Amino acid sequence: MRVMAQLAMVMNLDKCIGCHTCSVTCKQAWTNRSGTEYVWFNNVETRPGQGYPRTYQDQDKWRGGWELNKRGRLRLKAGGRLRKLFTIFANPLMPSIQDYYEPWTYDYDRLFSAPATEDTPVARPKSLITGQNTKITWSANWDDNLAGGPELAPADPVLKKLSGQVKLEFERAFMFYLPRICEHCLNPSCVASCPSGAMYKRSEDGIVLVDQDRCRGWRMCVTGCPYKKVYFNHRTGKAEKCTFCYPRVEVGIPTVCSETCVGRLRYIGLILYDADRVAEAAAVPDEKDLYEAQKSVLLDPHDPEVIAAARREGIPDDWLEAARKSPIHKLIFEYGVALPLHPEYRTMPMVWYIPPLSPVVDVLANTGHDGEDAGNLFGAIDALRIPIGYLAELFTAGDPEPVKAVLRRLAAMRSYMRRLNLGQKSDESIADAVGMTGDQIEGMHRLLALAPYAERY
Amino acid sequence: MASTDGPLSDALLQFGRYLRPGKVSPDLRTLHQIGGRQGDVFYRDRWSHDKVVRSTHGVNCTGSCSWKVYVKDGVITWEAQQTDYPSVGGDRPEYEPRGCPRGAAFSWYTYSPTRVRFPYARGVLVEMYREAKARLGDPVAAWAEITTDPDKRRRYQTARGKGGLVRVTWDEATEIIAAAHVHTIKTHGPDRVAGFSPIPAMSMTSHAVGARFVSLIGGSMLSFYDWYADLPVASPQVFGDQTDVPESADWWDAAYLMLWGSNVPVTRTPDAHYMAEARYRGQKVVVLSPDYNDAAKFADEWLAPHPGTDGALAMAMGHVILKEFFVERSTPAFLDYVKRFTDLPFLVRLRERDGGFVPDKFLTAADLGQEGKEAAFATVLLDARTGEPVVPNGSLGFRYSEEGQGRWNLDLGEVDPLLTALGAEAVPVALPRFDGHGDGVLERGVPVRRVGGHLVTTVYDLMLAQYGVARDGLPGRWPTGYDDADEPYTPAWQEPLTSVPAAAAARIAREFARNAEDSGGRSMIIMGAGTNHWFHSDTIYRSFLALTTLTGCQGVNGGGWAHYVGQEKCRPVTGWAQLAFGLDWSRPPRQMIGTAFWYLHTDQWRYDTYSADVVSSPLANGTFAGKATADLLSQSARLGWMPSYPTFDRNPLDLADEVAAAGAEPGPYVAGQVARGELGFACEDPDAPQNWPRVLTVWRANLLGSSAKGNEYFLRHLLGTDSAVRAEEAAPDQRPDSLTWPEEAPRGKLDLLLSLDFRMTSTTLFSDIVLPAATWYEKHDLSSTDMHPFVHAFTPAIDPPWQTRTDFAAFHAIARSFSRLAKTHLGTRKDVVAVPLLHDTPDELATPHGAVRDWRETGDTPVPGRDFPKIVVVERDYGAVADKMAALGPLLDRLGATTKGLTYDVSGEIARLGRINGVTADGRPSLATDVNMCEAILALSGTTNGHLAAQGFATLARRTGTSFDGLADEHKQITFADTQTRPVPVITSPEWSGSETGGRRYSAFTVNVEHRKPWHTLTGRQHFYLDHDWMHEAGEALPVYRPPLNMTAMFGEPGIGEGGEAGITVRYLTPHSKWSIHSEYQDNLLMLTLSRGGPTIWMSPADAAKAKIADNDWVEAVNRNGVVVARAVVSHRMPEGTVYMYHAQERVVDVPKTEASGRRGGIHNSLTRLLVKPTHLIGGYAQLSFAFNYLGPTGNQRDEVTVIRRRSQEVDY
């Protein structure tokens, strides 16, 4: 056992209002400068939708992440590194600026400088790439709130996997938001892709960074990352990415995106993992086993053996204390409601998600089902507007059972707490039905609903 | 061990590991590194900063979020939310962090290319001014010449909005502004000067300083809350209060939450988490919205009523609640509540009509023979114990009289109010219906009693009749059951109107009420603009409020209505009001209803091709028949109901001279002149040049890019420039009888449009002078909101850059220039001010029984204060205005400060202020700086000065005879420095109706319920029934369903769904946007980048298909009011038949020329126009009395339709 510490994040999608405050504060702090106009370390996507850059989840096309070769060994999906070395001067397989979007501005000055004319002055859009007049046809968030749904959403790679099951019509409309930052993976394919050794994972906290001095701008990392969270700065010619706000977290302040999240849905915490077992777990043959495999690499910070091993690795006691208090560990293990994003990429992402509940479809409501009624809980989960299959394709390589289990726990919490809310006696059987205790449910309620600042981070 | 690639690459990479620092994993898969990170210095350096300053964003948003503004090297770098709000108790989520993406993008403006850095003026105007001034030697003479010479006037007015702005100096700009003001006051009168600046709560000093200038010179401040249609008129109607709602942390207390026409994640972004989180506590959330909106994502159920039909659904829900919780089963908690806190037990007289009966007026003590003015305002109920009539405490009859002292309370003593008159006798009554069936009349029976010779029933009995809840033995036609689709107001009846399944309507109603019963009233409806911006929104809201009131939810934490649209709670309201309206120097100020002002002066009244009778009930007496809306507006003005400025067709300064010369009493003199026809009301001839408004100052606002309903009419008639109006004026038989109709409507009424802003907007583009304003990060100010219970500060992160100035500095500069010119040109004058009958004063006793008598029709001589505005003469020392601006005046010492009928003695606070702020040469407390003004606001308000709050409660207790002891924290005094340190919780004060005492969450009317304090209404209770004559004429005495206006019938627009490829007709809605706060941020590059980069119209795939429109196509929307060009967003979350153009997309960014007009496309409001609802003009009667931003006609805009079509995809700018 080789214990390492990792900073990780959980986002509760059930609380995300899709406001993009995280995106704006992150961009203002980090990437509102020349060369990174198109870069959003943090972005928020409406699902179903194409994402940013568009269709990035289509690894048949973009070939990010890892795959297993014929012998069951991990191999970069975009090809072995030898091949990369030999093709280093060729254009790597990566999204074009149009796949992100062509950044623009407006000739605002016209509003002041227009001479006396026959019509009201207006600021026209200008490309920030060419400086010329432009027509805006795509942005970092073009399909926000199902904009262009019938035309654009069918290209959503996740939706495609559910071919024919989802109808994009008013009566069955559904959406939710997916905020994304770099996953700071345990098994980062970007780092493995870098021919210059410029990308690395910080030993003490697992933050994945690009050494700006060493980066040679080969852009293999852009190809390698299946989440497309490494970007190329056109001005400096170097790769840049989410830094987990290390200048902030190093001094005890949460990341910008977390602290400014008005939905209060982001949790940051330390977790411990066994570095020796990462590759093995990432290489389990069945993609559906990856969620459990990844969990198996994460260590119990209360386990005396783990603590002893961690001390041997030089992890300080206050870090171990932080790992024991970590909301991340609680959400993944004790409450069992957080799931990894696309475990099938085999990168072992370290930003996990609590999947969203959603309104029940009218069909169910009309029959008198009530989501709060414990007796109807599980029936209601099966009739949610957001298809379980869609969530499963995001979080569990298509396996619906773990997603269902999470949603049932959330629903049970609502049902259990409603009784307390109305001054009635607590009903342990509700907790029992989802494999929890009443105390656990109340603990989960505190973390998810009250979500005190000091316990979120 | 697992490995990665093959042996060859492994070998190569094995070699590589010796070339680099750090630790490569044994399988060569990854690289860990420690130390040696000079390559990352960039990010550390980027994060470093010199200081962090607390500030917020002003004016147009409810948020009142506290922000950290980061500064490095004297440059604002970015902002992030503060997280240090005081705790709300630990039993619920805290307020941190509050903010939204728009606020987070604010700092972009600071150095953006749309920042107004210098004063600008219209070039052609400046040239003419300089020439005239050089020739005439006097700024005022120069201004007079330019504005009276028809050619010169036309030259600069037609150039408005067409570029040609030039830089000028502050000195020259303020000189021109001063000259325009002086000339207007001298020639036309001070009430021809108007100021527009909304929502004081969100930057009180910036608002107050300008309003103070306008008020001190006698100009008119224009209302905004009613103009924005954010004022829910139902609130004064039902509660006798403007708007009072719970803070967002109180949503947590609700066990059942309906979001009805309110898209909380978008419009209440900082607080949406309370809704998301309360679900985890088992709160059920129901979203009612015509589209699958952002909030629907959080709902347990989503109901999608057709736009504007929400009232039908709510009426059906009321039917279910009355039937199941009152008639079939008596719910003790509900019965107890409605008897004590609503008008349901009060008696209403029935009147014979066509051989049957209709409900008429409340039975009052006067009807039972009691003498005295107040007797007609003392309402009556029956005591269940004795069956005898009782005049209970608490009605308006007890509020002002000597005998009422100590009895204005909700104590019933031993009396048990009888809810229903059910017994021996019953009669059928006729009630109006507006759902388009039959003859529009319902026949329903009510039980009756005979009291003092009057045939009476109770409001409760009338409610059951109106809602169609049958009881055995009553005559009339009643629904046979919930599935009866013909008789209102059953669940089945509403289904074809709303599309909501009858079963769902009944079930949600039942759940809502049952939850209220189980939780002690913790059922809440968050209601918003989606249901509040309609012509008939007051009826929609009354049907909502019936649900929360019948179930005992009002005045309960976690229950009741939660209306969040516009206004926002200016918690330190008393202090702000004294300063903003110059009440410390002269009273009364001129305060005008915005909607009427714009309706008249943009000449939209001339395009009313329908009769005011359109609102009449089938059971009306014909009061509105043959009348135009403008006729009713002038009637309202001459009866003193609503304010009307400019008031007379004469300069009020000259009128004052006439009064003095005649040696007469001003009131009788003016009333007599008017009665004899020697003096006219300006509103009766709004197109005559002597009645035009001449100077308009807009600050903290973007009138022409945002709120200007009928935008194109503004451009054509108020400004005199090009417009896209296509509508026809009214035909001769449609025109108002009481208004003069010049054949040619004037173009270009306004001499000067002045705006102060930090960015270029549709208003600045059309302004004659634009002053560069400091941003919210460059000034001191105060913020509060209804969403949270704190006051906190704006603090400058940097000094105003370039030549920008704070509003405070700008208005002081204007005032100095003005005073300099005014000293010689104006001197000291007397000003005749006409004041409407005011709410929360004895004026509301002016119209007994709400029975309208128009002196013009009867031939009587009007009496000011009874059926005519009060006439007050105010002295104005025009040379001293600048000095008065900067000092707290002496009138406060003498008259105190009054809010909602309660007067505070502030003499002690004035002395303290003098010590804090320093004093002027005259010994008055200084208001020379913005911080001085902030201190004064805090010191003069009960919410921020516990001493005043306690004093106010003591005063109130003498009137009510009940106790409010312990509510106010007498020892707490909040200073400006406190608010800069951290948001500070306010103090419970009689200025508002809720209590924060002991760290409790604010919920409206808890003081009324718990301390038996009456509502400010006729009965002193919450009203279901409104008995004013005009309410009967409109058929709205009781909650009722009224559908959206029929634009085909009224204006000949095509019907919804008509058309095809050449253009399909759709309902046109303008909901609040995700990417802007009104027009602000819609031009912000960050927000444009996250959305679609310019104006868009959202539509359904079905409508798009009919008109062959694809996503992102350029489209044009055209109706009689104007034309809009935008990109289409086609989405299946939109319902068929309705398009959204999110409010407020204006014409500054990426708007090409239109095919329809060949000119620049319009703003979202280019397709709308004003439609004034007559009943909003009622005044002088109990809670239906005017107060500023409290009651007035709404500038609603939701009933509109448009034709939308695909246009050529080649666009020209």
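Being a predicted model, the structure only gives us computed values, none of them experimental. Throughout, protein chains are lettered first and strands after them, A, B, ... in sequence-line order, and every chain is numbered starting at 1.
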- How far apart are the C-alpha atoms of Arg264(A) and Glu96(B), what are their side-chain angles, what is the distance that settles it, and do they pass the side-chain contact (heavy atoms from CB on, under 4.5 Å) test? CA-CA 8 Å; Arg264(A) 309 167 85 249; Glu96(B) 58 80 24; 3.2 Å; yes

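- The parts of His20(A) that come within reach of chain B are both its backbone and its side chain, each placing non-hydrogen atoms under 4.5 angstrom from that chain.
- Proximity to chain B is absent for every atom of Trp138(A), based on heavy atoms less than 4.5 angstrom apart.
- Within the 4.5 Å cutoff, no side-chain heavy atoms of Asp1083(B) are placed close to those of Tyr106(A).
- The two residues Ile136(A) and Asp1150(B) make their nearest non-hydrogen contact at CD1-OD2, 4.3 Å.
- Contact annotation for Leu152(A): only side-chain heavy atoms (C-beta onward) come within less than 4.5 Å of a heavy atom of chain B.
- With a threshold of 4.5 angstrom between heavy atoms, Tyr177(A) approaches chain B through its backbone and through its side chain.
- Residue contact with chain B, scored on non-hydrogen atoms closer than 4.5 Å, involves the backbone and the side chain of Glu259(A) alike.
- For chain B, the nearby parts of Glu240(A) are the backbone and the side chain; heavy atoms of each come within less than 4.5 Å.
- Relative orientation of the Tyr43(B) and Tyr246(A) rings is perpendicular, given thresholds of 30° and 60° on the angle between their planes.
- The main-chain N or O of Met175(A) is found under 3.5 Å from a side-chain atom of Tyr292(B) such that the two form a donor-acceptor pair.
- Ring planes of Phe112(A) and Tyr120(B): tilted class, angle from 30 to 60°.
- Glu169(A) touches chain B through its backbone: at least one of N, CA, C or O sits under 4.5 Å from a heavy atom, while the side chain does not.
- Counting heavy atoms from C-beta outward, Lys135(A) and Arg1127(B) have side chains that approach closer than 4.5 Å.
- In this structure, chain B has heavy atoms under 4.5 Å from both the backbone and the side chain of Asn32(A).
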Walk me through it: do Arg1159(B) and Glu118(A) pass the test salt bridge (charged side-chain N to carboxylate O under 4.0 Å, His left out)? CA-CA 9 Å; Arg1159(B) 311 196 61 80; Glu118(A) 284 307 300; 5.2 Å; no

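- For Arg419(A), no part sits under 4.5 Å from any heavy atom of chain B, backbone or side chain.
- The nearest pair of heavy atoms linking Gln28(A) to Trp108(B) is NE2-N, 4.2 Å.
- Taking the side chain as every heavy atom from C-beta outward, Met1134(B) and Phe170(A) never approach each other to under 4.5 Å.
- Annotation: side chain of Thr120(A) is in contact with side chain of Phe766(B) (closest heavy-atom distance under 4.5 Å).
- In this structure, chain B has heavy atoms under 4.5 Å from both the backbone and the side chain of Pro121(A).
- When each of Thr25(A), Leu422(A), Asp144(A), Val44(A) is checked for heavy-atom pairs under 4.5 Å with chain B, Asp144(A) comes out on top.
- When all heavy atoms are compared, the tightest approach of Ala80(B) to Thr260(A) is CB-CG2, 3.9 Å.
- For the pair Thr1089(B)/Tyr38(A), no side-chain contact is recorded, criterion being any heavy-atom separation below 4.5 Å from C-beta on.
- Looking at Asp300(B) and Arg414(A), their side chains come closer than 4.5 Å, going by heavy atoms from C-beta outward.
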**Stepwise side-chain hydrogen bond (donor to acceptor under 3.5 Å, both in side chains) test for Tyr280(B) and Asp14(A)** = CA-CA 10 Å; Tyr280(B) 293 167; Asp14(A) 186 57; 2.5 Å; yes

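- Looking at Cys261(A), only its backbone comes within 4.5 Å of chain B, counting heavy atoms on both sides.
- Interface remark: Met444(A) contributes no atoms to any contact with chain B (heavy atom separation under 4.5 Å).
- Interface remark: Thr105(A) contributes backbone and side-chain atoms alike to the contact with chain B (heavy atom separation under 4.5 Å).
- Considering CG of Leu146(A) and NE2 of His1132(B), their distance stands at 4.5 Å, rounded to 0.5 Å.
- Both the backbone and the side chain of Thr137(A) come within contact range of chain B, judged by heavy atoms closer than 4.5 Å.
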